[in-house]
Amino acid sequence: MPKITETLDYRWPSRGDRLLRSKNGRGHVVFSNHGGRHAEIWMGYMRAGDKLIDAFMNEPRGAQGELIYPILFCYRHALEMALKWMISRYGDKPPKADHNLWQQWSAVLEIIGGVGHDRDDGVEAAGKLIKEMHDADRSSETFRYAVNKDRALLRLPDGPIDLKNLKDVMKALSNFFDGLDAGLDELTSYNDEYYP
């Protein structure tokens with residue numbers, strides 16, 4: 001009887017395959033082993049969401065639907081990691097080990113308020129956007145799974161989603177968190193230098 005792989009027109013896993021094989025040169029990547037990894041994860045998921053939207057725009061009409069889940073998951077996870085970065089780097093205690101964006105945002109607001117920042121329109125707008133994402137996926141399951149732990153279908157937002165707008169607004173949130181990080185870092189450095 002012939003092997004199943006002999007009749008296939010596409011690649012099949014073989015015994016010598018390794019997913020995380022070491023390689024040097026073009027096409028390799030090295031994981032970071034420092035405190036900045038958290039920020040790299042945040043930025044990586046943000047970029048992945050952007051690139052998936054670009055890929056979505058180039059896909060044939062019928063194949064596009066499956067990309068919406070990783071797009072939204074990447075953006076949601078990027079927000080979660082940005083919030084946890086702010087909390088872990090500038091807060092008094094580590095972020096909670098959960099996926100509640102709204103609680104994490106509340107902790108970031110305490111940090112911002114605690115260092116003298118006034119709540120401006122940008123902060124308020126960012127909070128509304130984070131609340132919108134939190135309400136769409138409160139447990140970080142909705143964009144990853146079809147059903148919850150009780151096997152009930154997870155509800156998704158109704159109606160079409162404007163992906164160009166999604167990408168644009170997520171870029172604005174990314175800029176907000178970049179600026180917040182830079183501002184808090186500068187303030188922390190100033191305080192450390194002048195108030196040891």
Side-chain angles (χ1 to χ4, degrees), residues 29 32 36-91 95 98-113 115 117-146 154-187:
V29 66
S32 58
R37 182 189 308 173
H38 197 117
E40 288 177 355
I41 292 170
W42 145 35
M43 292 175 214
Y45 273 95
M46 191 68 75
R47 283 187 60 206
D50 291 347
K51 292 197 175 292
L52 285 169
I53 286 180
D54 295 342
F56 179 96
M57 299 301 186
N58 295 320
E59 285 284 314
R61 195 92 168 111
Q64 292 174 327
E66 62 198 31
L67 289 178
I68 189 59
Y69 305 103
I71 289 168
L72 289 171
F73 175 75
C74 283
Y75 281 146
R76 190 208 182 281
H77 195 61
L79 287 178
E80 182 177 336
M81 295 304 289
L83 291 164
K84 287 182 174 179
W85 170 256
M86 300 302 158
I87 297 165
S88 65
R89 185 156 165 110
Y90 305 109
D98 64 19
H99 303 286
N100 188 313
L101 296 178
W102 195 240
Q103 286 179 353
Q104 293 163 11
W105 175 245
S106 296
V108 169
L109 285 177
E110 286 181 31
I111 294 166
I112 294 171
V115 293
H117 286 265
D118 292 328
R119 291 184 62 180
D120 63 11
D121 290 342
V123 173
E124 191 173 314
K128 286 181 180 179
L129 295 169
I130 291 164
K131 179 74 165 114
E132 183 180 356
M133 184 65 84
H134 171 77
D135 289 344
D137 185 0
R138 291 176 178 261
S139 62
S140 189
E141 292 181 341
T142 305
F143 305 133
R144 291 191 295 159
Y145 305 109
L154 290 163
R155 303 268 316 151
L156 294 167
D158 289 330
I161 295 171
D162 180 348
L163 291 180
K164 185 176 179 190
N165 173 71
L166 174 64
K167 183 178 177 182
D168 182 56
V169 173
M170 288 304 299
K171 179 62 178 167
L173 272 172
S174 182
N175 292 339
F176 171 80
F177 280 114
D178 286 344
L180 181 60
D181 185 35
L184 289 172
D185 186 58
E186 186 176 317
L187 189 61

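All values reported here derive from a predicted model rather than from experimental measurement. Just so you know, residue 1 is the first one in the sequence shown, and it goes up from there. Atom set for the values below is all heavy atoms of this structure, side chains included, hydrogens, waters and symmetry mates excluded.
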Atom pair [atom1]/[atom2] of [X] and [Y] - distance to nearest 0.5 Å:
| X | Y | atom1 | atom2 | answer |
| --- | --- | --- | --- | --- |
| Met133 | Arg138 | CE | CZ | 13.5 Å |
| Glu80 | His134 | CD | NE2 | 11.5 Å |
| Phe177 | Met46 | CZ | CE | 7.5 Å |
| His38 | Met43 | NE2 | CE | 10.5 Å |
| Asp137 | Leu101 | CG | CG | 8.0 Å |
| Thr142 | Arg155 | OG1 | CZ | 11.0 Å |

Query raised in the report: Would you find more than 12 non-hydrogen atoms of other residues, nucleotides or ligands less than 6.0 Å from Glu132 atom CD?
Result: no
Query raised in the report: Would you say the side-chain atoms of His99 pair up with the backbone N or O of Ser139, donor to acceptor, closer than 3.5 Å?
Result: no
Report task. With side-chain contact (heavy atoms from CB on, under 4.5 Å) as the test, would you mind laying out the steps for Asp98 and Gln104 before giving the verdict? Result -> CA-CA 9 Å; Asp98 64 19; Gln104 293 163 11; 3.7 Å; yes
Identify the two heavy atoms, one from [X] and one from [Y], that lie closest to each other, and give their separation to 0.1 Å.
| X | Y | result |
| --- | --- | --- |
| Leu67 | Ala55 | CD1-C, 4.2 Å |
| Asp185 | Tyr90 | CB-OH, 3.3 Å |
| Ala126 | Trp105 | CB-CH2, 4.1 Å |
| Phe143 | Ala136 | CZ-CB, 4.1 Å |
| Arg144 | Ser140 | NE-O, 2.6 Å |

Is [Y] close to [X] at the side-chain level, that is, under 4.5 Å between some pair of heavy atoms?
| X | Y | result |
| --- | --- | --- |
| Tyr75 | Ile53 | yes |
| Pro95 | Leu83 | no |
| Lys51 | Arg47 | yes |
| Val108 | Leu180 | yes |

Query - Passing candidate, side-chain contact (heavy atoms from CB on, under 4.5 Å) with Phe176, options Ile130, Asp181, Val123, Leu129 - result: Val123
**Report entry** Pair Met86-Trp42, side-chain contact (heavy atoms from CB on, under 4.5 Å): steps then yes or no
**Finding:** CA-CA 11 Å; Met86 300 302 158; Trp42 145 35; 3.9 Å; yes
Requested in this report: Carefully, step by step, assess Leu156 and Leu72 under the rule side-chain contact (heavy atoms from CB on, under 4.5 Å).
Outcome: CA-CA 11 Å; Leu156 294 167; Leu72 289 171; over 6 Å; no
Requested in this report: Is it possible for you to check whether Lys131 lies under 6.0 Å from the centre of the six-membered ring of Trp102, through NZ or CZ, and within 45° of that ring's axis?
Outcome: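 The answer is yes, since Lys131 meets both limits relative to Trp102.
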**Report entry** Criterion side-chain contact (heavy atoms from CB on, under 4.5 Å) on Phe73 and Tyr45, from CA distance to verdict
**Finding:** CA-CA 9 Å; Phe73 175 75; Tyr45 273 95; 3.9 Å; yes
**Report entry** Residue pairs involving residues 160-179 (criterion side chain to side chain donor-acceptor pair (under 3.5 Å); sequence neighbours excluded)
**Finding:**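 Listed by first then second residue: Asp54-Lys167.
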